[in-house]
Undergrad: 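I have a structure I would like to understand better, so I am pasting it below and will then ask my questions one at a time.
Residue numbers run from 1 in the order of the sequence given. Values in this document were obtained by computation on a predicted structure and should not be read as measured data. All ligand and atom numbering here is 1-based and tracks the order in the structure.
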Amino acid sequence: MTSSVGRSPGRVNLIGEHTDYNQGLCLPLTIPYATTVTATSREDDGVTVRSDTQDEPWTGTHATTGPGAAEGWATYAVGVLWALQEEGWHLPGVDLEVRSTVPMGAGLSSSAALECAVAVAVCGLTGRELTGDLRHQLVAACRRAESEVAGAPTGGLDQSAVLLSAPGAGLLIDFEDGSTRDVPLPWDEAGRTLLVVDTRVSHALTDGGYGARRQDCEAAAEALGLPSLRRATLRDVGGLDDPRLRARARHVVTENARVADAVAAVESGDWAALGELMIASHDSLRDDYEVSCAELDLVVATALDAGALGARMTGGGFGGSAIALVPAERAEAVRRAVDAAFAAAGFAAPRHLDAGPSGPAELLRSP
Ligand code: GLA
């Protein structure tokens, strides 16, 4: 019996929301919360998953880790074992022991952290070195696990962010050609901090709203005769008859432009400009894409009133977390203002978290 340990962070997305499945641009960063998985090989083909956040373990065999067979929270873990075997990997039976500090359902990619920590641990167990090429293969396998086994039709932002980011940097991802570029995020040195506020409104990407947005985008692209919305212009979008499709497509087109502008703002240290882009992104997600909620809007409005340079929801939406870029000396005041606003609105107390950037998924121990 041998064992290895993989660790993967969660992520926030600085900007570029609901663009990944439209072949667009996004700029996520890893956060200092992580999931650690210890994988121990077995003599038989049994598979078990235990987690410090779940009462009941998952038990099965390699034959029950695939689409339709696996169920419940552990699908994100065992789906990765299935996807890797689909890629031709030979795996022993395995016991997976999960520990996590990534809040679940908070829009911070707890599922991608689980998938990627399993994938990295399995690399260790099978004697593979975590090269750049292998990281790309793991992104693909974890995406398959999430869409085909867990049934969440997501776009790859999360797995790419946690597997491909460099320490201390955001990751500019272009989903049209799959290219990535590290974008150092030195806001700390410039006296700015990125705050993360978990609204405690739990979000799920398997419950229809996310998939419906995806379908709207596909319908809009089809109506325009384009393979995706990536190459659509605002003029094209203005010609769409259906007002809902027009609004969805307008979000995607303007959001891609905001990502490019945000990279330029970061690289020239123009934090005020970055803040304005974050605000515009939130407005677009709220009004055109309709994936915000009252709690997210309240975090954003309150943070801006209390001195944030910019704030926006992050991740898929319908709950989850918001981020705010604030002068470091205003951080406490912004947090207190958000707490007071939530109490006054009768919302459950939010949870305050730190942002990164931290670093990508790593193999902590191999046999
Ligand atoms: C979720 C999905 C991602 C991405 C975002 C929205 O996090 O998992 O693929 O679509 O929502 O940007």
Side-chain angles (χ1 to χ4, degrees), residues 8-31 33 75-76 79-80 102-116 139-140 142-165 170-176 178 180 196 198-199 201-218 228-230 248-249 251-256 258-259 262 277-278 281-282 284-286 288-293 296 312-323:
S8 171
R11 64 96 191 90
V12 291
N13 192 12
L14 185 58
I15 197 157
E17 219 66 84
H18 289 277
T19 48
D20 58 353
Y21 52 81
N22 289 300
Q23 312 299 311
L25 301 172
C26 54
L27 182 59
L29 58 136
T30 52
I31 55 175
Y33 302 89
T75 50
Y76 293 94
V80 173
V102 186
M104 287 175 70
L108 301 173
S109 287
S110 58
S111 22
L114 175 55
E115 292 153 15
C116 298
V139 169
C142 292
R143 287 185 64 180
R144 278 195 79 180
E146 183 152 321
S147 60
E148 295 178 46
V149 184
T154 52
L157 158 66
D158 310 337
Q159 295 80 6
S160 303
V162 305
L163 278 162
L164 306 178
S165 289
L171 186 74
L172 172 63
I173 312 172
D174 183 336
F175 279 91
E176 189 171 47
T180 60
V196 182
D198 170 12
T199 61
V201 179
S202 184
H203 87 141
L205 298 176
T206 47
D207 69 1
Y210 183 93
R213 296 303 179 284
R214 237 189 125 133
Q215 281 167 15
D216 283 349
C217 291
E218 283 160 16
S228 77
L229 288 176
R230 174 59 184 273
R248 304 291 191 248
H251 165 71
V252 174
V253 172
T254 57
E255 186 78 350
N256 281 330
R258 282 187 289 269
V259 176
L277 291 161
M278 293 169 71
S281 171
H282 185 78
S284 178
L285 287 157
R286 181 192 60 212
D288 278 349
Y289 221 66
E290 297 182 277
V291 290
S292 189
C293 65
L296 288 166
R312 58 181 292 276
M313 54 158 277
T314 188
F318 308 104
S321 297
I323 52 175

Undergrad: Going by the rule side chain to side chain donor-acceptor pair (under 3.5 Å), which residues pair with Ser147 if we only count those two or more places apart in sequence or in a different chain?
TA: none

Undergrad: Counting from 1, what ligand 1 atoms have a heavy atom of Asp20 closer than 4.0 Å?
TA: 3 (C), 4 (C), 9 (O), 10 (O)

Undergrad: Going by heavy atoms in the side chains, are Arg230 and Thr19 under 4.5 Å from each other?
TA: no

Undergrad: Please say which of Asn256, Leu171, Leu157, Leu14 ends up in a side-chain contact (heavy atoms from CB on, under 4.5 Å) with Cys26.
TA: Leu157

Undergrad: Check contact between Gln159 and ligand 1, using heavy atoms of the residue and a distance below 4.0 angstrom.
TA: no

Undergrad: Applying ring pair (Phe, Tyr, Trp, His ring centres under 6.0 Å), can you list everything that pairs with Tyr289, at least two apart in sequence or on another chain?
TA: His18, His251

Undergrad: Counting each atom of ligand 1 from 1 as listed, which ones have a heavy atom of Leu157 under 4.0 Å away?
TA: 4 (C), 5 (C), 9 (O), 12 (O)

Undergrad: Which part of Arg143 is near ligand 1, with near meaning a heavy atom under 4.0 Å away: side chain, backbone, both or neither?
TA: neither

Undergrad: How close do Arg11 and Pro28 get, heavy atom to heavy atom, and via which atoms?
TA: CD-CB, 4.3 Å

Undergrad: Closer than 4.0 Å to some heavy atom of Gly156 - which atoms of ligand 1 meet that?
TA: 9 (O)

Undergrad: If you count the atoms of ligand 1 from 1 in the order shown, which ones are under 4.0 Å from a heavy atom of Tyr21?
TA: 10 (O)

Undergrad: Between Glu17, His18, Arg11, Arg213, which one has a non-hydrogen atom sitting closest to atom 7 (O) of ligand 1?
TA: Arg11

